[in-house]
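The structure appears below as structure tokens.
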Amino acid sequence: MKYYLYLLLSIIFFSCNNKIEKNVILHSHDLSSDTLFSPKNNLLEKKCLDQVKGYKNKYGIIFSNYYRDQPIPFDFDDNKTIDTIVVLKPYYESSNDNCFPNNSEFDFPILLISKTTHGKSKVFKTYKNALKCNTPTYYEEIITTKNSFVISKDITGNNSFYTKTYISFKSNEFYVDSINVESWGWKQYKKTLKYTDTSFPLSNFKRTDIDSIRTLLDSNNQ
């Protein structure tokens with residue numbers, strides 16, 4: 001009897017250890033140093049959690065299924081090799097189940113630029129604070145040109161506001177060249193804010209900069 005009890009305990013112990021080892025291997029693979037995680041404290045219903053399980057391995061990075069990728073072909077360094085601009089949007093922007101997490105107000109798209117080298121994608125730059133989520137009164141998109149791109153923002157309402165932020169690639173970095181703004185409604189003006197070659201790195205650009213510019217220009221156009 002003791003022998004069978006010992007044998008049973010050994011089998012259970014071995015089985016548990018085996019499961020733990022497998023989990024550790026999977027865990028360490030999923031959580032590589034390049035992984036983009038979903039936001040913390042993400043309180044969702046089960047039907048919504050089912051939509052965001054797992055990870056994707058694309059563009060030279062592993063990222064959570066919490067994000068939906070929207071790639072744009074783009075040869076930013078003009079070397080005749082197609083690279084990629086990727087907008088990683090929170091899944092609920094395209095969800096049909098009205099799945100909005102409690103922290104959606106603080107959760108924004110990620111702008112990722114992937115470079116193609118020898119036929120393989122590798123992450124070149126990641127910008128986590130440059131973009132906003134689209135809403136019924138706010139629309140944002142990225143438009144590419146020959147070796148640059150534009151972040152276009154359209155804010156509707158009683159005093160609509162439209163901006164184009166022009167980005168170019170210089171000295172192995174992306175920089176803001178200029179920001180064109182146009183206001184119409186009870187405030188009406190057009191302005192272009194220009195920057196010197198490398199004075200405004202895209203890494204310094206924040207989505208809130210447009211709000212600050214609008215507040216300043218509105219106050220100067222009383």
Identify the two heavy atoms, one from I142 and one from F149, that lie closest to each other, and give their separation to 0.1 Å.
CG2-CD1, 3.9 Å

Cluster question for you: counting only ILVMFWY and a side-chain heavy-atom cut-off of under 4.5 Å, with indirect links fine, are L36 and V123 together?
yes

Find out whether K89 and L131 are in side-chain contact, i.e. whether some heavy atom of one side chain is under 4.5 Å from a heavy atom of the other.
no

Are I85 and Y127 connected into the same hydrophobic cluster when the rule is that any two of I, L, V, M, F, W, Y join if their side-chain heavy atoms are below 4.5 Å apart?
yes

Determine, stepwise, if the pair E173 / K125 fulfils side chain to side chain contact (heavy atoms under 4.5 Å, CB included).
CA-CA 9 Å; E173 291 286 346; K125 298 290 180 182; 3.0 Å; yes

To the nearest 0.5 Å, tell me how far I155 CD1 sits from T163 OG1.
6.5 Å

Shortest non-hydrogen contact between P109 and V87, atoms and distance:
CB-CG1, 4.1 Å

Linking I/L/V/M/F/W/Y whenever their side-chain heavy atoms sit closer than 4.5 Å, directly or via other members, would I213 and V176 fall into one cluster?
yes

Working to the nearest 0.5 Å, report the span between CD1 of I61 and OG of S121.
11.5 Å

Walk me through it: do D107 and Y66 pass the test side chain to side chain contact (heavy atoms under 4.5 Å, CB included)?
CA-CA 11 Å; D107 185 22; Y66 186 83; 2.6 Å; yes

Is the F76 ring parallel, tilted or perpendicular to the F74 ring (thresholds 30°, 60°)?
tilted

Apply the side chain to side chain contact (heavy atoms under 4.5 Å, CB included) test between F124 and each candidate in N172, D83, T117, T116; give the one that qualifies.
N172

In the single-linkage hydrophobic clustering (I, L, V, M, F, W, Y; side-chain heavy atoms under 4.5 Å), do L202 and I72 co-cluster?
yes

Residues N129, R207; criterion side chain to side chain contact (heavy atoms under 4.5 Å, CB included); working and verdict
CA-CA 6 Å; N129 297 308; R207 67 181 75 89; 4.1 Å; yes

Say you draw a straight line from OG1 of T165 to CG of L193; how long is it, rounded to the nearest 0.5 Å?
9.0 Å

Identify the residue among Y166, F169, F200, F205 that makes a ring-ring contact (aromatic ring centres under 6.0 Å, His included) with F174.
F169

Heavy atoms of other groups near K194 NZ, more than 12 under 6.0 Å:
no

Testing the 3.5 Å rule here: is there a donor-acceptor pair between the side chains of E140 and Y138?
yes

Look at the side chain of D211 and the backbone N and O of T215, then say whether any donor-acceptor pair between them is shorter than 3.5 Å.
no

Any heavy-atom pair between the side chains of D218 and N159 that's under 4.5 Å?
yes

Closest non-hydrogen atoms of K187 and N221, given as atom of the first, atom of the second and distance, are NZ-O, 3.6 Å

One should read off an interatomic distance between D69 CG and I110 CD1, to the nearest 0.5 angstrom, of 12.0 Å

So, Y189 versus N220: side-chain donor-acceptor pair below 3.5 Å or not?
no

Intermediate values then yes/no, salt bridge (charged side-chain N to carboxylate O under 4.0 Å, His left out), E182 and K164:
CA-CA 9 Å; E182 183 176 352; K164 285 186 176 181; over 6 Å; no

Please evaluate residues E93 and C133 with respect to the criterion side chain to side chain contact (heavy atoms under 4.5 Å, CB included), reporting the C-alpha separation (whole Å), side-chain torsions for both, the decisive distance (0.1 Å), and the verdict.
CA-CA 8 Å; E93 279 210 27; C133 292; 3.0 Å; yes

Assess the residue pair K170 and D177 against the criterion (salt bridge (charged side-chain N to carboxylate O under 4.0 Å, His left out)); give the C-alpha distance rounded to whole Å, side-chain angles, the decisive distance to 0.1 Å, and a yes or no.
CA-CA 10 Å; K170 305 166 189 170; D177 284 338; 2.7 Å; yes

Under the 3.5 angstrom rule, does the side chain of N65 hit a backbone N or O of K53 as a donor-acceptor pair?
yes

If you measure from CD1 on I167 to OH on Y175, what distance do you get to the nearest 0.5 Å?
12.0 Å

Minimum heavy-atom distance P73-I82, with the two atoms named
CB-CG2, 3.7 Å

Could you give the distance from NZ (K58) to CZ (F63), rounded to the nearest 0.5 Å?
5.5 Å

If two hydrophobic side chains count as joined below 4.5 Å and joins carry through other members, does Y195 share a cluster with V181?
yes

